[in-house]
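A short write-up of the structure that comes next.
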Amino acid sequence: MSDVQQYDVVVIGGGPGGYVAAIRAAQLGLKTACVDAFIGKDGKPALGGTCLNIGCIPSKALLDSSRQFHNLTHTFKDHGISADNARMDVPAMIARKDKIVKQFTGGITTLFKGNKANPVTPIFGFATLKPGKVVSVKAHDGTVSEISAKHVILAAGSAPIELPFAKFDNVRILDNAGALDVSAVPKRLGVIGSGVIGLELGSVWRRLGAEVVILEALPEFLAAADTDIAKAAARE
């Protein structure tokens, strides 16, 4: 074990659960590493997990853009503002979203370096927890290394579930990442699942003119959320 890098804390996962835990551990004086396997659109490793890369942050960036367009075409007339033949430049909207994502994910790297006396060490690759609190990391170039820690925090996050009869191709059948990068407003869009991301992305494309249908097996939308929030989302 002498050639294995030793840490007080190793966090597996660089999303909001993982990177916050890593930063706090470093602030408490613990030698900390954070392992994450996510690759951004530019082909480079990116911290932030699903939320910052292909979840909350990009969907809200698109929600903001689509709200501006909706206001322009629906509510500005109440203020005496008219706009004829308004159109949405979807690639420009997506580019703005990507820029915001890059700013947020890059900010985590800055936060990792913020505690100069004891920065968090980012390690990019797929982590596997082994006996004895040893973490094996397969880097994106295929090389494998091992690190160990007194404490290991699992913050691996979530992934979309692919239905056996509806495989993701990100052309007709999209996962959440594909729905964030549609190149043009779809004529019709079906969303399976009324969770936060499904409703947000459904709202984005509906505001821009798509016909959107939400499919949900449970009797309520946003079943795990506050009832008033769920009702508001359903009305959207």
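Since we're looking at a predicted model, the values are computed, not measured. Keep in mind that the numbers below use all heavy atoms, side chains included, and drop hydrogens, waters and symmetry copies.
- As a member of the Ile/Leu/Val/Met/Phe/Trp/Tyr network built from side-chain separations under 4.5 Å, Val9 groups with Val11, Leu30, Ile153.
- Although no hydrogens or angles enter the test, the distance criterion places a donor-acceptor pair under 3.5 Å between the side chain of Thr73 and the main chain of Phe69.
- Ser203 pairs in a side chain to side chain contact (heavy atoms under 4.5 Å, CB included) with only one of the listed residues (Leu208, Val212, Leu63), which is Leu63.
- To the nearest 0.5 Å, the span separating CH2 on Trp205 from CE on Met88 amounts to 8.5 Å.
- Counting heavy atoms from C-beta outward, Phe168 and Leu174 have side chains that stay 4.5 Å or more apart.
- Atom-to-atom distance recorded for Ser194:OG and Glu220:CD is 9.0 Å, nearest 0.5 angstrom.
- Residue Lys44 places its NZ atom among 12 or fewer non-hydrogen atoms of other residues, nucleotides or ligands, all under 6.0 Å distant.
- Counting only heavy atoms from C-beta outward, the side chains of Lys97 and Ile100 never approach each other to under 4.5 Å.
- Looking at Asp8 and Lys150, a side-chain N of the basic residue comes within less than 4.0 Å of a carboxylate O on the acidic one, giving a salt bridge.
- In this structure, Ser183 and Pro91 approach most closely via the heavy-atom pair O-CD, 4.0 Å.
- To the nearest 0.5 Å, atom CD1 of residue Ile173 and atom CZ of residue Phe165 are 9.0 Å apart.
- Pairing each heavy atom of Gly17 with each of Ala155, the nearest pair is C-CB, 4.2 Å.
- Gln6 and Ser148 are linked by a side-chain donor-acceptor pair at a separation below 3.5 angstrom, with hydrogens and angles left out of the test.
- At least one donor-acceptor pair closer than 3.5 Å links the side chain of Arg96 to the backbone N or O of Ala61.
- The hydrophobic clustering, which links ILVMFWY residues whose side-chain heavy atoms are closer than 4.5 Å, places Ile147 and Phe112 apart.
- Once rounded to the nearest 0.5 Å, the distance linking OG1 of Thr32 with CG of Asn118 reads 6.0 Å.
- In this structure, the side chains of Asn71 and Lys77 stay at 4.5 Å or more apart for every pair of heavy atoms.
- Within a 6.0 Å sphere centred on CZ of Phe104, other residues, nucleotides and ligands contribute 12 heavy atoms or fewer.
- Side-chain contact between Glu216 and Phe221 is present, with heavy atoms from C-beta onward closer than 4.5 Å.
- Proximity of Lys130 to Val135: side-chain heavy atoms (C-beta onward) are nowhere separated by under 4.5 Å.
- In terms of modelled atom types and a separation under 3.5 Å, the side chain of Asp36 and the main chain of Gly13 share no donor-acceptor contact.
- Judged purely by atom type and a 3.5 angstrom limit, His74 uses its side chain to pair as donor or acceptor with the backbone of His70.
- Between Asn176 atom CG and Ile54 atom CD1 the span is 4.5 Å, to the nearest 0.5 Å.
- Among pairs with a residue in residues 156-175, none fulfils side chain to side chain donor-acceptor pair (under 3.5 Å), at least two apart in sequence or across chains.
- You'll find the side chain of Val191 stays beyond 4.5 Å of the side chain of Leu201, heavy atoms only.
- Remark: side-chain polar atoms of Thr105 are paired, donor with acceptor, to backbone N or O of Lys102 under 3.5 angstrom.
- When side chains are defined from C-beta on, Ser59 counts as touching Leu180, because their heavy atoms get closer than 4.5 Å.
- With rounding to the nearest 0.5 Å, the separation of CD1 in Ile197 from SG in Cys51 is 7.5 Å.
- No side-chain donor-acceptor contact under 3.5 Å links Asp64 to the backbone of Lys60.
- For Phe126, the CZ atom counts as loosely surrounded, since its 6.0 Å shell holds 12 or fewer non-hydrogen atoms of other residues, nucleotides or ligands.
- For Ile161, the CD1 atom counts as loosely surrounded, since its 6.0 Å shell holds 12 or fewer non-hydrogen atoms of other residues, nucleotides or ligands.
- Ile108 and Val101 fall into different hydrophobic clusters, where Ile, Leu, Val, Met, Phe, Trp and Tyr are joined by side-chain heavy atoms under 4.5 Å apart, directly or via other members.
- If you chain together hydrophobic residues whose side chains sit under 4.5 Å apart, Leu47 and Phe38 never meet in one group.
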